[in-house]
Structure formats: structure tokens, C-alpha cells
Amino acid sequence: MSTAQRLHARTLGWYAEHRRDLPWRSSEVDAWGVLVSEVMLQQTPVARVEPVWRRWLDRWPTPADLAEASPADVVRAWDRLGYPRRALRLLDCARAVVDHHGGQVPRDAVDLLALPGIGAYTAAAVAAFAYGDRVPVLDTNVRRVLGRLLGAEALPPPTQTRAERHRAEAVLPEDAATSATWNVAVMELGALVCTARAPRCEACPLAADCAWRAAGFPADAHASRRHTQAWHGTDRQARGALMAVLRAHPDAPPPPDLLARAWPEGGQRDRALASLIADGLAEAVDGGHRLPTHRPPAATG
DNA sequence: AAAACGGGGTT
DNA sequence: AACCCAGTTTT
């Protein structure tokens, strides 16, 4: 048995025993359900996505259903998942699937990448998880696992490299069905065992093969180039505070003082509201601001 | 290549 | 108080 085959067997065996029963992994879930889950999971942890995903698909089971929704309803249903522009991109995505693909989520990589809010990761995830295609899926978990296992690195570099993509392709099982399970298994291993902070190597099926472990767990070589984003007092915090007020008043504008109470500094509040309007997340009306009741068609480019 | 973009649980 | 999370888009 080759090294690659041993890695595959051990990882798939571990996954069969330890995998979480996440709702979007059910065979009942179609490609649209998978796509919605992947967009929600962009930078948002599984635990917070799960209840929102269930409500979302219960309300809008198909792209055609979502395509008819108002942006105010969509942003409100997005709740506090964060990065609410994703909610509007998902609405645009539903419209594009209806308008350009007959209401069916496309399978081709070029078509998927052309959809709003779908980048390299999500396109690969939909192709692999929804359609069972043989494509490398390179999310933050997989990058970390492969970086440790094959590159002896504590953490992957800040931006994805060609070497990482080559490495992911090199270890991908030949068989399509096996490759699809491999992708989700490595991702799950990164989420549950090979974690960023405190990896549980004693529980890892690949510990004996791990280059990082063999090298004595060298420190993160890219630490100096990682900068933690400030949060308190930023425009992002201001936008979030204002959006929370707008979500609580989906139809009518909130009483004027509520926005001021949510973000007292007037200059920054005005700038934040202007940026929300520019993003299509808010609209100015007679009595102040509210969630947008209408969204213009996205530019198709 | 770097910055902008939320929010909350965990350490 | 940092760190981290199934990233994408814009500059």
C-alpha cells in the first residue's frame, strides 16, 4: 500500500467513526441546500450556522423561492451570522441560478465561479459535496491539515499559495466518490482534531505520518505577517450595531434616536449608514433609515 | 498583495 | 484581550 493510500484509508476510517451529523451532509439535501450552507459557513462557525440554515431552507427551499424574496426579509433572516453582504449576494445568486441556469445549481466550475458570492472555495465545495466531483477543496481546515502533514508548518501562510493547491491535488484520491469523502474528511479532521490552537495529536489518525510532528512542532513561520484586526470603535463595529437596529425594525424605519443610541458618534454613524446604503443593506427614507425593500438586479458583467 | 467586511464562542 | 471561524470582493 502506498503512502497516499495509507493516508486515505486512515483518514476515511477516522471520518466514518467520528464525523458530525451536520444537516447539510444529509443525502436528502440538494445542491442548493449545500450551496446555501457553504455561503453561510464562509467565516462563520458551524454551530451558529446550523439553526439559521434550517430556518432559511424551510422558508426558501429552492433558488426560485429565494429569488422572489425581498432584501429586507433576506437580511433579517440572515440574523447575526455576520458579513450581511453575503445575504444579498445569496439573493443575487438565487436570481442568477433562475435566470441563467433554469433554477438548477450549475455543476461546472466556470459557471459556479460566475455566481455572486461564490469564490474558489465555495465552487469546489459545491462541485465536490453536492455533485461528487473530483476537485480539491481547500478551506482553512484543509490548508492547516495538509500544511502540517506534508509541509511541516504550524499554520498555513496568510494567502493561499500555488504550492498548497499543487499539494492538495497531489493527495486527492483518484476515484471521484472517494475524493469527495476525502475532502470532507480532511476538513472534519481539521475542525475536530488538527485544530489551530490546541491540536489533539493523540487522537489523530495521521500522527505517525505528520511532518510537523516529526519536525518537533516548529513555530508558525508566518506569525510576523499576521495582524489581528482591530474591532472596538471601527466602522465594522458601527455598521454591525446599526444593522442590528434595522433588523429589529424590518418594515418601518426605527425611531430616530435608536440609531443614535446604537452608535452615538455622529460622524462615524453617518459614514457607516452611507456605506450600508452603498452596499444595498439599508435605504434612506423620509423618517430615517430602514432595511431595503427592493434590490436592483445585479450587474451581470 | 492588502484591505474591507460581523459577530460571538473559546482560550 | 486575543484568537479563530467550510472566504469573497474590491482596491
Just list the side-chain donor-acceptor pairs under 3.5 Å for residues 33-41 of chain A, sequence neighbours left out, or say none.
unit_1, atom_1, unit_2, atom_2, d
S37(A), OG, V34(A), O, 2.7
E38(A), OE1, Y121(A), OH, 2.6

Can you give each donor-acceptor pair under 3.5 Å made by side-chain atoms of residues 193-205 of chain A, sequence neighbours left out, with the distance rounded to 0.1 Å?
unit_1, atom_1, unit_2, atom_2, d
T195(A), OG1, A198(A), O, 3.1
R200(A), NH1, L192(A), O, 3.0

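The ring-ring contact (aromatic ring centres under 6.0 Å, His included) test applied to W263(A) returns no partner, not counting sequence neighbours. For W182(A), the ring-ring contact (aromatic ring centres under 6.0 Å, His included) test picks out H8(A), with sequence neighbours left out. Among residues two or more places apart in sequence or in another chain, the salt bridge (charged side-chain N to carboxylate O under 4.0 Å, His left out) test is passed with R89(A) by none. For D139(A), the salt bridge (charged side-chain N to carboxylate O under 4.0 Å, His left out) test picks out no residue, with sequence neighbours left out. By the ring-ring contact (aromatic ring centres under 6.0 Å, His included) test, H18(A) is found to be paired with W14(A), residues two or more places apart in sequence or in another chain being considered.
Residue Y121(A) contributes atom OH, which lies 13 Å from atom P of dC5(C) at whole-angstrom precision. In this structure, L88(A) places its CG atom 14 Å from C1' of dT9(C), rounding to the nearest Å. Rounded to whole Å, atom P of dC5(C) lies 10 Å from atom CZ of R143(A). Whole-Å rounding puts the R236(A) CZ to dC5(C) C1' distance at 13 Å.
Pairs engaging residues 244-259 of chain A under the side-chain hydrogen bond (donor to acceptor under 3.5 Å, both in side chains) rule: D257(A)-R261(A) [sequence neighbours left out].
Regarding contacts with the backbone of dC5(C), every side-chain N or O of T44(A) stays at 4.0 angstrom or more from both OP1 and OP2. For dC5(C), one of the phosphate oxygens OP1 or OP2 lies less than 4.0 angstrom from a side-chain nitrogen or oxygen of R144(A). A sub-4.0 Å separation between OP1 or OP2 of dG7(C) and a side-chain N or O of Q43(A) is present.
Between the side chains of Y15(A) and R10(A), no donor-acceptor pair is found at a separation under 3.5 Å. Side-chain contact, Q42(A) with R86(A): no donor N or O sits under 3.5 Å from an acceptor N or O.
Remark: R134(A) engages E169(A) in a salt bridge, criterion side-chain N to carboxylate O under 4.0 Å. Note on D79(A) versus R48(A): no salt bridge recorded, every NZ/NE/NH1/NH2 to OD/OE distance being 4.0 Å or above.
Heavy atoms of Q229(A) sit under 4.0 angstrom from at least one base atom. No engagement by R271(A) is indicated, since no non-hydrogen atom pair under 4.0 Å with the nucleic acid exists.
To the nearest 0.5 Å, atom CZ of residue R25(A) and atom CD of residue E188(A) are 4.0 Å apart.
For the P atoms, the distance from dG6(B) to dT11(C) is 15 Å, rounded to whole Å. Here, dA4(B) and dA6(C) have their P atoms 24 Å apart, quoted to the whole Å. Across dG9(B) and dT8(C), the matching P atoms stand 25 Å from one another, rounded to whole Å.
For the segment residues 45-61 of chain A, residues with any heavy atom less than 4.0 angstrom from an atom of DNA chain B are, sorted by number, P45(A), R48(A). Of all the residues in residues 166-190 of chain A, not one reaches under 4.0 Å from DNA chain B with any non-hydrogen atom. Within a heavy-atom distance below 4.0 Å of DNA chain B, the residues of residues 76-86 of chain A found are R80(A), L81(A), G82(A), Y83(A), P84(A), R85(A).
One N or O donor and one acceptor, one from the side chain of R197(A) and one from the base of dC3(C), sit under 3.5 Å apart.
Remark: of the listed residues D58(A), L57(A), V52(A), V52(A) is the sole one forming a side-chain contact (heavy atoms from CB on, under 4.5 Å) with R55(A).
Comparing R89(A) and L155(A) along DNA chain C, the residue whose closest nucleotide (by nearest heavy atom) sits nearer the 5' end is L155(A).
Where DNA chain B meets chain A (any atom under 4.0 Å from a heavy atom), the bounding nucleotides read 5' to 3' are dA3(B) to dT11(B).
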